[in-house]
Amino acid sequence: MITYEDIKPNVKALLDFCEYPAVQYKVKFSILDVPYGDSELSLLRKDFLKSDIVEEMYQTQDSYGGWGSFQSKDYSVKAKIPTSSVGIERCLYIGLTVEDRDILFMAKEYLEELLLGTGHENIGGKNERAVPWNRARVCNLLEAITPHSRICDETWRQWLFIAGRAYEDGEYSYERDQAAQHDVFLTRESRLVPMQSELLLKRREEIDVSLENAMLRHLGRNACENGYIWDKTPDTLPENFMYEKTRRWFKTFNYINQFRGSALYLKGTVDWIMENAREDGLWDWGTQVKDPWGYFGYFSCNRNYRHNRVVDCTIEILDFLKQYIDNNTEG
């Protein structure tokens, strides 16, 4: 089983490879788990908060606290941050917290107004499933900014009830899921809102281990066999890490990796990743990288600069490996 000791050489290689303050801060704060109040990290944070990547998020944030519509991209406008949900995800990914400047504080207020219906846009949609789906997405981001947000309590409890019904005997039942959603959301469509496992796991300590295991064996197995949004992952991964679909497969790998016990489906993937690190301990998507959502890596300044591509790839892999270790360590 892979441990933190196994990835320390790769972490050091990245820190040596890129001295950019935002990368150094991300690695130390999010991957090495250096405490927020650590004196050296606090000094580094000053440079991080002045970095161009943070300044870009500040300058492009609109007066409502978002980056355009919540999830509908305006294709008539060329925007590096296509939607507010992408903007907030980027802020969280690079290591910003609600305590840093006022970017995520404003984003939090924007999300709360969405839930309360007092903002400049609503979270409705073209069908009856859209509102509960979008409410869950908003709450998922709010919980990432400020855990246990009281404004999300009802939504979280609704999904806990639905999941409890759907997996009540340890196996998933579409019929029970459907009945529970109809009861809670007063919907009537046969199609369902996808199970909001990510939101439920934001309060992992409050759900039964057996429920998470059931979701892993249903949602994780389905993602492993059929892919998650992007192309189905192959039965045998390619010999070379640099492959046109490698980046797309990580959407599936990360989805499975949200669950404790993810090694059930990901052990072979992790072995393949470790075996395919470059000689310098870093990873590179390669020139044929496929960008989910049409958006390049969170630490990139452009699509073509090889240095950025290596940094983005290595950070995403180290993030994945850290979560994998956390979710597959007993005790």
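Note that the structure is predicted; figures quoted are calculated from it, not measured.
Side-chain contact between L200 and M215 is present, with heavy atoms from C-beta onward closer than 4.5 Å. Counting heavy atoms from C-beta on, the side chains of N140 and Q196 never come closer than 4.5 Å. At least one side-chain heavy atom of I88 sits under 4.5 Å from a side-chain heavy atom of W67. Considering only heavy atoms from C-beta on, L116 comes within 4.5 Å of I151 through its side chain. Inter-residue side-chain proximity for L321 and M274 is flagged as met; some heavy-atom pair is nearer than 4.5 Å. With contacts defined as side-chain heavy-atom distances shorter than 4.5 Å, the pair L219/Y228 does not qualify. Proximity of S197 to F259: side-chain heavy atoms (C-beta onward) are separated by under 4.5 Å at one or more points. Here the side chains of I325 and D6 are not in contact, with every heavy-atom distance at 4.5 Å or above.
A pairwise comparison of heavy atoms in I81 and G87 identifies CG2-CA, 3.4 Å as the closest pair. Nearest approach of G95 to S30, heavy atoms of both residues: CA-OG, 4.4 Å. In terms of heavy atoms, Q258 sits closest to R204 at O-NH2, 2.6 Å. Closest of all the heavy-atom pairs between R137 and S85 is NH2-OG, 3.9 Å. Nearest heavy-atom pair, I256 versus S262, reported as atom, atom and distance to 0.1 Å: O-CB, 3.5 Å. In this structure, A166 and M195 approach most closely via the heavy-atom pair CB-CE, 4.0 Å.
Taking OG1 from T233 and NZ from K245, the interatomic distance works out to 11.0 Å, rounded to the nearest 0.5 Å. Taking CZ of R135 as the start and CD1 of I123 as the end, the distance is 5.0 Å to the nearest 0.5 Å.
In this structure, the ring-ring contact (aromatic ring centres under 6.0 Å, His included) partners of F250, at least two apart in sequence or on a different chain, are F253, W285, F320. Taking K50 as the reference, nothing meets the salt bridge (charged side-chain N to carboxylate O under 4.0 Å, His left out) condition, with sequence neighbours excluded. For R278, the side chain to side chain donor-acceptor pair (under 3.5 Å) criterion is met by D280, not counting sequence neighbours. With sequence neighbours excluded, the residues forming a salt bridge (charged side-chain N to carboxylate O under 4.0 Å, His left out) with E55 are R101, listed by chain and number. With sequence neighbours excluded, no residue forms a salt bridge (charged side-chain N to carboxylate O under 4.0 Å, His left out) with E113. Listed by chain and number, the residues in a side chain to side chain donor-acceptor pair (under 3.5 Å) with S69 amount to none (sequence neighbours excluded). Scored by the ring-ring contact (aromatic ring centres under 6.0 Å, His included) test, F17 finds H307 as partners (sequence neighbours excluded). Contacts of A179 classified as side chain to side chain contact (heavy atoms under 4.5 Å, CB included), with partners at least two apart in sequence or in another chain: R165. For F48, the ring-ring contact (aromatic ring centres under 6.0 Å, His included) partners two or more places apart in sequence, or in a different chain, are Y25.
Atom CH2 of W133 is surrounded by 12 or fewer heavy atoms from other residues, nucleotides or ligands within 6.0 Å. Enclosure of atom CZ in R188 by more than 12 non-hydrogen atoms of other residues, nucleotides or ligands within 6.0 angstrom is indicated. For E279, the CD atom is loosely surrounded, since the number of other residues' heavy atoms within 6.0 Å does not exceed 12. Around atom CD of E168, more than 12 heavy atoms belonging to other residues, nucleotides or ligands sit under 6.0 Å away. In this structure, E198 places its CD atom where only 12 or fewer heavy-atom neighbours from other residues, nucleotides or ligands lie under 6.0 Å away. Applying the 6.0 Å contact sphere to OH of Y4 captures more than 12 heavy atoms from other residues, nucleotides or ligands.
Side-chain contact annotation: E189 with N127, donor-acceptor N/O pair under 3.5 Å absent. Using modelled atom types and a 3.5 Å distance limit, the side chains of T97 and D100 yield a donor-acceptor pair.
For the pair R45 and Y36, the cation sits on the ring face: its NZ or CZ lies under 6.0 Å from the ring centre, inside 45° of the axis.
Pairs engaging residues 134-159 under the ring-ring contact (aromatic ring centres under 6.0 Å, His included) rule: W159-F185 [sequence neighbours left out].
Two different hydrophobic clusters hold V209 and Y265 under the rule that ILVMFWY side chains link at heavy-atom gaps under 4.5 Å. No path of Ile, Leu, Val, Met, Phe, Trp and Tyr side chains, each step under 4.5 Å between heavy atoms, connects V131 with F161, placing them in separate hydrophobic clusters. In the hydrophobic clustering of this structure, V184 groups with L199; members are Ile, Leu, Val, Met, Phe, Trp, Tyr whose side-chain heavy atoms approach within less than 4.5 Å, directly or through other members.
Electrostatic pairing of D33 and K28 does not count as a salt bridge here, judged by no charged N lying under 4.0 Å from a carboxylate O. Taking the charged nitrogens against the carboxylate oxygens, E206 and R157 have no contact shorter than 4.0 Å, which rules out a salt bridge. Salt bridge status for E316 with R247: present, with a side-chain N to carboxylate O gap under 4.0 Å. Salt bridge status for K26 with D319: present, with a side-chain N to carboxylate O gap under 4.0 Å.
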(message) Apply side chain to side chain donor-acceptor pair (under 3.5 Å) to residues N10 and T314 and explain how you reach the verdict.
(response) CA-CA 8 Å; N10 308 97; T314 302; over 6 Å; no
Solution key, residues 37-44 side-chain donor-acceptor pairs under 3.5 Å, sequence neighbours excluded:
residue : atom : partner : partner atom : Å
D38     : OD2  : E40     : N            : 3.1
D38     : OD2  : L41     : N            : 3.0
S42     : OG   : D38     : O            : 2.9

Exercise answer: donor-acceptor pairs, residues 103-112 side-chain atoms, under 3.5 Å, sequence neighbours excluded:
residue : atom : partner : partner atom : Å
K108    : NZ   : E112    : OE2          : 3.3
Y110    : OH   : F70     : N            : 3.3
Y110    : OH   : S84     : OG           : 3.4
Y110    : OH   : E121    : OE2          : 2.6

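Counting only distance, with no hydrogens or angles, the side chain of N327 and the backbone of N257 share a donor-acceptor pair below 3.5 Å.
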